[in-house]
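These notes concern the structure reproduced below.
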Protein chains: 2
Amino acid sequence: MDRKAQILQTAADLLQTRSFSAFSYQHLAERLGIRKASIHYHFPTKEHLGEALTQHYLDAYRAHLAAIDRQHRDPWERLEAFLDAAAEIRRSGDKICAGGAFQAEHNLLPQRICEGVAALLAHVRSWLAGVLAEGRGQGVMHFPGQAAHQAALTVAALQGALQNGRCEGDELYEAVVGQLRAGLRGEG
Amino acid sequence: MDRKAQILQTAADLLQTRSFSAFSYQHLAERLGIRKASIHYHFPTKEHLGEALTQHYLDAYRAHLAAIDRQHRDPWERLEAFLDAAAEIRRSGDKICAGGAFQAEHNLLPQRICEGVAALLAHVRSWLAGVLAEGRGQGVMHFPGQAAHQAALTVAALQGALQNGRCEGDELYEAVVGQLRAGLRGEG
DNA sequence: GACAGCCTACCTACTGGTAGGTAGATTGGG
DNA sequence: CCCAATCTACCTACCAGTAGGTAGGCTGTC
(Lines give C-alpha, C1' and ligand atoms only; values in the text may rest on other atoms or scores of the structure.)
Protein backbone atom coordinates (compact mmCIF):
# COMPACT_ATOMS: atom_id res chain seq x y z
CA MET A 1 0.00 0.00 0.00
CA ASP A 2 1.50 3.33 -1.01
CA ARG A 3 1.78 6.28 1.31
CA LYS A 4 -1.31 8.06 -0.01
CA ALA A 5 -3.46 5.00 0.64
CA GLN A 6 -1.89 4.64 4.11
CA ILE A 7 -2.82 8.21 4.96
CA LEU A 8 -6.37 7.67 3.72
CA GLN A 9 -6.70 4.47 5.75
CA THR A 10 -5.44 6.16 8.90
CA ALA A 11 -7.67 9.18 8.32
CA ALA A 12 -10.66 6.86 7.89
CA ASP A 13 -9.88 5.25 11.22
CA LEU A 14 -9.53 8.61 12.97
CA LEU A 15 -12.73 9.90 11.35
CA GLN A 16 -14.74 7.02 12.73
CA THR A 17 -13.20 7.18 16.20
CA ARG A 18 -12.79 10.93 16.69
CA SER A 19 -14.76 12.77 13.92
CA PHE A 20 -13.39 14.86 11.09
CA SER A 21 -12.54 18.17 12.75
CA ALA A 22 -11.20 16.44 15.85
CA PHE A 23 -8.30 14.74 14.11
CA SER A 24 -5.36 16.73 12.86
CA TYR A 25 -2.55 16.38 10.36
CA GLN A 26 -0.35 16.09 13.44
CA HIS A 27 -2.28 12.99 14.57
CA LEU A 28 -1.91 11.43 11.16
CA ALA A 29 1.80 12.27 11.05
CA GLU A 30 2.44 10.69 14.44
CA ARG A 31 0.58 7.49 13.60
CA LEU A 32 2.42 7.14 10.31
CA GLY A 33 5.84 8.14 11.61
CA ILE A 34 6.29 10.97 9.12
CA ARG A 35 6.07 14.77 9.27
CA LYS A 36 2.97 16.88 9.00
CA ALA A 37 4.23 18.65 5.87
CA SER A 38 4.52 15.32 4.08
CA ILE A 39 0.79 14.82 4.46
CA HIS A 40 0.16 18.26 2.99
CA TYR A 41 2.19 17.05 0.04
CA HIS A 42 -0.32 14.27 -0.67
CA PHE A 43 -3.44 16.19 0.42
CA PRO A 44 -2.80 19.94 0.11
CA THR A 45 -5.67 20.93 2.41
CA LYS A 46 -7.95 19.14 4.81
CA GLU A 47 -10.82 19.72 2.42
CA HIS A 48 -8.96 17.69 -0.21
CA LEU A 49 -8.43 14.96 2.36
CA GLY A 50 -12.11 15.02 3.31
CA GLU A 51 -13.21 14.74 -0.29
CA ALA A 52 -10.80 11.87 -0.89
CA LEU A 53 -12.25 10.17 2.18
CA THR A 54 -15.82 10.36 0.90
CA GLN A 55 -14.66 8.99 -2.45
CA HIS A 56 -12.76 6.23 -0.65
CA TYR A 57 -15.87 5.19 1.24
CA LEU A 58 -18.05 5.40 -1.85
CA ASP A 59 -15.65 3.14 -3.78
CA ALA A 60 -15.42 0.72 -0.86
CA TYR A 61 -19.21 0.53 -0.46
CA ARG A 62 -19.78 0.10 -4.18
CA ALA A 63 -17.30 -2.78 -4.23
CA HIS A 64 -18.67 -4.33 -1.05
CA LEU A 65 -22.32 -4.20 -2.13
CA ALA A 66 -21.43 -5.56 -5.57
CA ALA A 67 -19.58 -8.43 -3.89
CA ILE A 68 -22.63 -9.18 -1.75
CA ASP A 69 -24.77 -9.27 -4.89
CA ARG A 70 -22.37 -11.73 -6.49
CA GLN A 71 -22.14 -14.00 -3.47
CA HIS A 72 -25.81 -14.09 -2.51
CA ARG A 73 -29.09 -14.29 -4.40
CA ASP A 74 -31.48 -14.58 -1.47
CA PRO A 75 -32.68 -11.16 -0.15
CA TRP A 76 -32.34 -12.21 3.50
CA GLU A 77 -28.79 -13.39 2.92
CA ARG A 78 -28.00 -10.09 1.21
CA LEU A 79 -29.49 -8.12 4.08
CA GLU A 80 -27.57 -10.14 6.67
CA ALA A 81 -24.34 -9.63 4.73
CA PHE A 82 -25.06 -5.90 4.77
CA LEU A 83 -25.77 -5.93 8.50
CA ASP A 84 -22.44 -7.70 9.01
CA ALA A 85 -20.66 -4.54 7.86
CA ALA A 86 -22.33 -2.57 10.66
CA ALA A 87 -21.63 -5.34 13.16
CA GLU A 88 -17.98 -5.20 12.12
CA ILE A 89 -17.85 -1.49 13.01
CA ARG A 90 -19.55 -2.22 16.33
CA ARG A 91 -17.03 -4.97 17.07
CA SER A 92 -14.20 -2.44 16.82
CA GLY A 93 -15.55 -1.01 20.06
CA ASP A 94 -14.89 2.65 19.41
CA LYS A 95 -16.00 3.37 15.87
CA ILE A 96 -19.23 4.64 14.36
CA CYS A 97 -20.56 4.78 10.81
CA ALA A 98 -18.44 7.10 8.65
CA GLY A 99 -21.55 8.72 7.23
CA GLY A 100 -22.81 9.48 10.72
CA ALA A 101 -19.46 10.89 11.77
CA PHE A 102 -19.48 13.30 8.83
CA GLN A 103 -23.14 14.20 9.24
CA ALA A 104 -22.72 15.12 12.88
CA GLU A 105 -20.42 17.92 11.72
CA HIS A 106 -22.52 18.93 8.73
CA ASN A 107 -22.57 22.63 9.62
CA LEU A 108 -18.77 22.78 9.84
CA LEU A 109 -17.82 20.96 6.66
CA PRO A 110 -17.14 22.32 3.17
CA GLN A 111 -20.06 21.76 0.85
CA ARG A 112 -18.18 19.35 -1.40
CA ILE A 113 -17.61 16.96 1.49
CA CYS A 114 -21.30 17.10 2.39
CA GLU A 115 -22.21 16.29 -1.18
CA GLY A 116 -19.86 13.31 -1.15
CA VAL A 117 -21.43 12.01 2.05
CA ALA A 118 -24.93 12.45 0.64
CA ALA A 119 -23.93 10.55 -2.51
CA LEU A 120 -22.46 7.74 -0.41
CA LEU A 121 -25.57 7.32 1.72
CA ALA A 122 -27.88 7.64 -1.27
CA HIS A 123 -26.02 4.77 -2.92
CA VAL A 124 -26.39 2.56 0.15
CA ARG A 125 -30.09 3.40 0.56
CA SER A 126 -30.76 2.70 -3.06
CA TRP A 127 -29.07 -0.71 -2.93
CA LEU A 128 -30.91 -1.57 0.26
CA ALA A 129 -34.26 -0.51 -1.23
CA GLY A 130 -33.64 -3.01 -4.03
CA VAL A 131 -33.00 -5.84 -1.58
CA LEU A 132 -36.09 -4.96 0.47
CA ALA A 133 -38.33 -4.70 -2.57
CA GLU A 134 -37.11 -8.08 -3.79
CA GLY A 135 -37.70 -9.61 -0.35
CA ARG A 136 -41.24 -8.30 -0.19
CA GLY A 137 -41.88 -9.44 -3.74
CA GLN A 138 -40.90 -12.96 -2.72
CA GLY A 139 -43.14 -12.73 0.34
CA VAL A 140 -40.26 -13.24 2.78
CA MET A 141 -40.00 -9.64 4.03
CA HIS A 142 -42.82 -7.50 5.37
CA PHE A 143 -43.05 -3.74 5.73
CA PRO A 144 -45.55 -1.01 4.87
CA GLY A 145 -45.22 1.64 2.14
CA GLN A 146 -42.32 2.21 -0.19
CA ALA A 147 -39.14 0.14 -0.10
CA ALA A 148 -37.13 3.37 -0.33
CA HIS A 149 -38.73 4.58 2.90
CA GLN A 150 -37.98 1.32 4.68
CA ALA A 151 -34.39 1.60 3.45
CA ALA A 152 -34.17 5.14 4.87
CA LEU A 153 -35.48 3.89 8.20
CA THR A 154 -33.00 1.02 8.23
CA VAL A 155 -30.00 3.21 7.48
CA ALA A 156 -31.03 5.88 10.01
CA ALA A 157 -31.63 3.25 12.70
CA LEU A 158 -28.26 1.57 12.05
CA GLN A 159 -26.41 4.88 12.27
CA GLY A 160 -28.20 5.69 15.51
CA ALA A 161 -27.62 2.18 16.84
CA LEU A 162 -23.87 2.40 16.22
CA GLN A 163 -23.69 5.72 18.05
CA ASN A 164 -25.86 4.52 20.92
CA GLY A 165 -23.97 1.24 21.08
CA ARG A 166 -20.58 2.90 21.32
CA CYS A 167 -21.74 4.91 24.33
CA GLU A 168 -23.90 2.38 26.10
CA GLY A 169 -22.82 -1.05 25.02
CA ASP A 170 -23.68 -3.93 22.72
CA GLU A 171 -27.06 -4.86 24.19
CA LEU A 172 -28.48 -1.59 22.96
CA TYR A 173 -27.04 -2.09 19.49
CA GLU A 174 -28.34 -5.65 19.35
CA ALA A 175 -31.76 -4.52 20.53
CA VAL A 176 -32.10 -2.10 17.61
CA VAL A 177 -30.84 -4.50 14.96
CA GLY A 178 -32.90 -7.35 16.38
CA GLN A 179 -36.00 -5.18 16.27
CA LEU A 180 -35.33 -4.23 12.64
CA ARG A 181 -35.02 -7.91 11.75
CA ALA A 182 -38.13 -8.93 13.66
CA GLY A 183 -40.15 -6.19 11.99
CA LEU A 184 -39.08 -7.37 8.54
CA ARG A 185 -39.88 -10.98 9.37
CA GLY A 186 -43.44 -9.77 9.90
CA GLU A 187 -43.66 -10.63 13.57
CA GLY A 188 -45.30 -7.29 14.33
CA MET B 1 -33.27 34.58 32.64
CA ASP B 2 -30.03 35.00 34.54
CA ARG B 3 -26.65 34.96 32.86
CA LYS B 4 -25.86 31.36 33.79
CA ALA B 5 -29.08 30.19 32.16
CA GLN B 6 -28.37 32.38 29.12
CA ILE B 7 -24.96 30.78 28.69
CA LEU B 8 -26.48 27.33 29.02
CA GLN B 9 -29.16 28.15 26.46
CA THR B 10 -26.62 29.49 23.98
CA ALA B 11 -24.32 26.53 24.57
CA ALA B 12 -27.24 24.17 23.94
CA ASP B 13 -27.90 25.89 20.63
CA LEU B 14 -24.26 25.70 19.59
CA LEU B 15 -24.02 22.05 20.68
CA GLN B 16 -26.90 21.09 18.42
CA THR B 17 -25.67 23.10 15.44
CA ARG B 18 -21.90 22.65 15.71
CA SER B 19 -21.15 19.84 18.25
CA PHE B 20 -19.47 20.15 21.62
CA SER B 21 -15.79 20.43 20.77
CA ALA B 22 -16.50 22.66 17.78
CA PHE B 23 -17.94 25.53 19.80
CA SER B 24 -15.70 27.65 21.98
CA TYR B 25 -15.96 30.02 24.92
CA GLN B 26 -15.15 32.68 22.33
CA HIS B 27 -18.27 31.79 20.33
CA LEU B 28 -20.40 31.94 23.46
CA ALA B 29 -18.89 35.28 24.48
CA GLU B 30 -19.55 36.83 21.08
CA ARG B 31 -23.15 35.69 20.97
CA LEU B 32 -23.82 36.96 24.49
CA GLY B 33 -21.89 40.21 24.13
CA ILE B 34 -19.61 39.53 27.09
CA ARG B 35 -15.96 38.46 27.53
CA LYS B 36 -14.64 34.93 27.48
CA ALA B 37 -13.35 35.19 31.06
CA SER B 38 -16.86 35.97 32.32
CA ILE B 39 -18.05 32.59 31.09
CA HIS B 40 -15.18 30.90 32.94
CA TYR B 41 -16.55 32.61 36.06
CA HIS B 42 -19.86 30.73 35.69
CA PHE B 43 -18.42 27.50 34.27
CA PRO B 44 -14.76 27.15 35.33
CA THR B 45 -13.93 24.55 32.66
CA LYS B 46 -15.63 23.22 29.55
CA GLU B 47 -16.16 19.94 31.34
CA HIS B 48 -18.27 21.75 33.92
CA LEU B 49 -20.23 23.37 31.11
CA GLY B 50 -20.73 20.01 29.40
CA GLU B 51 -21.99 18.38 32.58
CA ALA B 52 -24.36 21.28 33.19
CA LEU B 53 -25.62 20.85 29.63
CA THR B 54 -26.47 17.18 30.11
CA GLN B 55 -28.28 18.06 33.36
CA HIS B 56 -30.11 20.87 31.56
CA TYR B 57 -31.35 18.48 28.89
CA LEU B 58 -32.28 15.83 31.44
CA ASP B 59 -34.34 18.35 33.40
CA ALA B 60 -35.95 19.67 30.25
CA TYR B 61 -36.87 16.19 29.01
CA ARG B 62 -38.21 15.12 32.38
CA ALA B 63 -40.44 18.18 32.48
CA HIS B 64 -41.50 17.80 28.86
CA LEU B 65 -42.39 14.11 29.12
CA ALA B 66 -44.24 14.70 32.39
CA ALA B 67 -46.22 17.46 30.69
CA ILE B 68 -47.11 15.12 27.84
CA ASP B 69 -48.32 12.56 30.37
CA ARG B 70 -50.52 15.19 32.02
CA GLN B 71 -51.96 16.49 28.76
CA HIS B 72 -52.61 13.18 27.03
CA ARG B 73 -53.92 9.79 28.11
CA ASP B 74 -54.04 8.10 24.72
CA PRO B 75 -50.76 6.31 23.78
CA TRP B 76 -50.87 7.51 20.18
CA GLU B 77 -51.39 11.10 21.29
CA ARG B 78 -48.47 10.75 23.68
CA LEU B 79 -46.27 9.31 20.94
CA GLU B 80 -47.23 12.09 18.53
CA ALA B 81 -46.49 14.70 21.16
CA PHE B 82 -43.07 13.10 21.60
CA LEU B 83 -42.43 13.06 17.85
CA ASP B 84 -43.33 16.76 17.79
CA ALA B 85 -40.18 17.47 19.82
CA ALA B 86 -38.05 15.88 17.11
CA ALA B 87 -40.00 17.65 14.38
CA GLU B 88 -39.34 20.93 16.20
CA ILE B 89 -35.58 20.28 16.02
CA ARG B 90 -35.90 19.40 12.33
CA ARG B 91 -37.85 22.61 11.69
CA SER B 92 -34.89 24.64 12.98
CA GLY B 93 -33.11 23.56 9.80
CA ASP B 94 -29.61 23.17 11.20
CA LYS B 95 -29.93 21.32 14.49
CA ILE B 96 -29.73 17.68 15.46
CA CYS B 97 -30.63 15.77 18.62
CA ALA B 98 -28.45 16.85 21.54
CA GLY B 99 -27.84 13.22 22.52
CA GLY B 100 -26.63 12.44 19.02
CA ALA B 101 -24.36 15.47 18.98
CA PHE B 102 -22.71 14.35 22.21
CA GLN B 103 -22.53 10.70 21.17
CA ALA B 104 -20.77 11.50 17.91
CA GLU B 105 -17.87 12.80 20.02
CA HIS B 106 -17.98 10.05 22.61
CA ASN B 107 -14.27 9.23 22.39
CA LEU B 108 -13.28 12.85 23.01
CA LEU B 109 -15.52 13.67 25.96
CA PRO B 110 -14.84 13.38 29.69
CA GLN B 111 -16.49 10.33 31.19
CA ARG B 112 -18.89 12.33 33.35
CA ILE B 113 -20.41 13.95 30.30
CA CYS B 114 -20.87 10.55 28.64
CA GLU B 115 -22.61 9.29 31.74
CA GLY B 116 -24.93 12.27 31.72
CA VAL B 117 -25.81 11.64 28.07
CA ALA B 118 -26.44 7.96 28.74
CA ALA B 119 -28.73 8.84 31.66
CA LEU B 120 -30.64 11.29 29.49
CA LEU B 121 -31.23 8.80 26.69
CA ALA B 122 -32.06 6.01 29.12
CA HIS B 123 -34.77 8.21 30.62
CA VAL B 124 -36.28 8.94 27.21
CA ARG B 125 -36.18 5.28 26.15
CA SER B 126 -37.77 4.20 29.38
CA TRP B 127 -40.64 6.67 29.02
CA LEU B 128 -41.15 5.67 25.41
CA ALA B 129 -41.16 1.96 26.28
CA GLY B 130 -44.03 2.70 28.69
CA VAL B 131 -46.05 4.44 25.99
CA LEU B 132 -45.42 1.62 23.49
CA ALA B 133 -46.31 -1.11 25.98
CA GLU B 134 -49.52 0.69 26.84
CA GLY B 135 -50.37 1.11 23.15
CA ARG B 136 -49.83 -2.57 22.44
CA GLY B 137 -51.81 -3.50 25.55
CA GLN B 138 -54.75 -1.52 24.15
CA GLY B 139 -54.33 -3.17 20.78
CA VAL B 140 -53.68 0.12 18.97
CA MET B 141 -49.93 -0.32 18.43
CA HIS B 142 -48.19 -3.30 16.91
CA PHE B 143 -44.58 -4.41 17.16
CA PRO B 144 -42.68 -7.63 17.91
CA GLY B 145 -40.68 -8.43 21.05
CA GLN B 146 -40.04 -6.21 24.01
CA ALA B 147 -41.32 -2.64 24.26
CA ALA B 148 -37.86 -1.58 25.48
CA HIS B 149 -36.35 -2.83 22.23
CA GLN B 150 -38.92 -1.03 20.11
CA ALA B 151 -38.16 2.12 22.13
CA ALA B 152 -34.43 1.70 21.42
CA LEU B 153 -35.17 1.33 17.71
CA THR B 154 -37.39 4.40 17.74
CA VAL B 155 -34.82 6.61 19.48
CA ALA B 156 -31.95 5.39 17.28
CA ALA B 157 -34.00 5.93 14.12
CA LEU B 158 -35.04 9.43 15.18
CA GLN B 159 -31.44 10.41 15.94
CA GLY B 160 -30.35 9.06 12.59
CA ALA B 161 -33.27 10.72 10.83
CA LEU B 162 -32.42 14.14 12.28
CA GLN B 163 -28.82 13.78 11.12
CA ASN B 164 -29.80 12.51 7.69
CA GLY B 165 -32.50 15.15 7.41
CA ARG B 166 -30.15 18.02 8.20
CA CYS B 167 -27.83 16.93 5.38
CA GLU B 168 -30.30 15.80 2.79
CA GLY B 169 -33.58 17.50 3.49
CA ASP B 170 -37.01 16.99 5.00
CA GLU B 171 -38.28 14.27 2.70
CA LEU B 172 -35.72 11.88 4.13
CA TYR B 173 -36.64 12.78 7.68
CA GLU B 174 -40.34 12.41 6.92
CA ALA B 175 -39.74 9.06 5.24
CA VAL B 176 -38.13 7.65 8.38
CA VAL B 177 -40.72 8.99 10.80
CA GLY B 178 -43.58 7.98 8.50
CA GLN B 179 -42.17 4.47 8.30
CA LEU B 180 -41.91 4.25 12.09
CA ARG B 181 -45.55 5.32 12.40
CA ALA B 182 -46.75 2.91 9.70
CA GLY B 183 -44.92 0.03 11.34
CA LEU B 184 -46.58 0.75 14.70
CA ARG B 185 -50.00 1.02 13.11
CA GLY B 186 -49.48 -2.56 12.01
CA GLU B 187 -49.51 -1.92 8.29
CA GLY B 188 -46.49 -4.17 7.77
C1' DG C 1 27.75 6.13 -20.47
C1' DA C 2 27.68 10.54 -18.49
C1' DC C 3 25.37 14.24 -16.98
C1' DA C 4 21.71 18.02 -16.83
C1' DG C 5 17.22 18.63 -15.54
C1' DC C 6 13.22 17.27 -13.53
C1' DC C 7 10.24 14.66 -10.35
C1' DT C 8 8.69 12.38 -6.01
C1' DA C 9 8.73 12.28 -1.33
C1' DC C 10 10.06 13.86 2.38
C1' DC C 11 12.21 17.32 5.76
C1' DT C 12 12.84 21.72 9.25
C1' DA C 13 11.13 25.88 10.56
C1' DC C 14 7.85 29.02 10.48
C1' DT C 15 3.11 31.92 10.18
C1' DG C 16 -1.39 33.69 11.76
C1' DG C 17 -5.08 32.23 14.18
C1' DT C 18 -7.72 30.02 17.85
C1' DA C 19 -8.30 26.90 21.65
C1' DG C 20 -9.03 26.48 26.95
C1' DG C 21 -7.66 28.61 30.88
C1' DT C 22 -5.70 32.13 34.57
C1' DA C 23 -4.38 36.44 37.37
C1' DG C 24 -5.71 40.37 39.00
C1' DA C 25 -8.02 44.97 38.54
C1' DT C 26 -12.63 47.30 38.18
C1' DT C 27 -17.47 48.09 38.84
C1' DG C 28 -21.92 48.51 40.86
C1' DG C 29 -25.85 47.12 43.82
C1' DG C 30 -27.40 45.59 48.71
C1' DC D 1 -17.98 48.11 52.94
C1' DC D 2 -18.55 43.73 50.63
C1' DC D 3 -18.73 40.66 47.16
C1' DA D 4 -20.74 38.99 42.88
C1' DA D 5 -20.00 39.74 38.25
C1' DT D 6 -17.45 41.38 34.80
C1' DC D 7 -13.46 43.19 32.81
C1' DT D 8 -8.38 43.59 30.56
C1' DA D 9 -4.47 41.28 29.58
C1' DC D 10 -2.16 37.54 29.43
C1' DC D 11 -0.47 32.33 29.04
C1' DT D 12 0.55 27.78 26.75
C1' DA D 13 -0.81 24.46 23.46
C1' DC D 14 -2.43 23.30 19.27
C1' DC D 15 -4.46 24.05 14.68
C1' DA D 16 -4.08 24.25 9.22
C1' DG D 17 -1.19 25.78 6.11
C1' DT D 18 3.35 27.73 3.85
C1' DA D 19 8.27 28.60 2.64
C1' DG D 20 12.16 26.77 1.30
C1' DG D 21 15.28 23.02 1.05
C1' DT D 22 17.21 18.13 0.30
C1' DA D 23 18.02 13.19 -1.07
C1' DG D 24 17.58 10.22 -4.52
C1' DG D 25 15.36 8.11 -8.65
C1' DC D 26 14.12 8.67 -13.65
C1' DT D 27 14.79 10.43 -18.33
C1' DG D 28 16.36 12.53 -22.46
C1' DT D 29 20.30 14.19 -24.98
C1' DC D 30 24.96 14.48 -26.58
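First the proteins, then the strands, lettered A, B, ... as listed; each starts at 1.
If you take CD of B:Q26 and C1' of C:dG21, they are 13 Å apart, rounded to a whole angstrom. Protein atom CZ of B:R18 is 12 Å distant from nucleotide atom P of C:dT18, rounded to whole Å. Here D:dC15 presents its P atom at 14 Å from CZ of A:F20, a figure rounded to the nearest Å. Distance CG (A:L32) to C1' (C:dA9): 14 Å, rounded to an integer number of Å. One interatomic measurement links the two molecules: NE2 of B:H27 to P of C:dT18, which rounds to 9 Å at whole-angstrom precision. B:R35 places its CZ atom 16 Å from the C1' atom of C:dA25, with the value rounded to the nearest Å. For A:K46 and C:dG17, the NZ to C1' distance is 15 Å, given to the nearest whole Å. Here D:dG17 presents its C1' atom at 14 Å from CG of A:L28, a figure rounded to the nearest Å.
Phosphate proximity of D:dC15 to A:S24: present, with a side-chain N or O under 4.0 Å from OP1 or OP2. Between B:S38 and D:dA5, a side-chain N or O to OP1/OP2 separation shorter than 4.0 Å is absent. Taking 4.0 angstrom as the limit, A:R3 places a side-chain polar atom (N or O) nearer than this to OP1 or OP2 of C:dC10. Side-chain N/O atoms of A:Y41 include one lying less than 4.0 angstrom from OP1 or OP2 on C:dA9. OP1 or OP2 of C:dC10 has at least one side-chain nitrogen or oxygen of A:H42 nearer than 4.0 Å.
Between A:W127 and A:F82, the angle of the ring planes lies from 30° to 60°, which puts this pair in the tilted group.
Side-chain polar atoms of A:S126 and A:H123 form no donor-acceptor pair below 3.5 angstrom. In this model, a donor atom of one side chain and an acceptor atom of the other lie less than 3.5 Å apart for B:Q55 and B:D59. There is a side-chain donor-acceptor pair under 3.5 Å between A:Q163 and B:Q163.
Annotation for A:Y173 and A:G165: closest pair CB-CA, 4.3 Å, computed over non-hydrogen atoms.
Judged by atom type and distance alone, B:K36 reaches the base of C:dG21 through a side-chain donor-acceptor pair under 3.5 Å.
As judged by a 4.0 angstrom heavy-atom cut-off over every strand, A:F43 is placed among residues making no nucleic acid contact.
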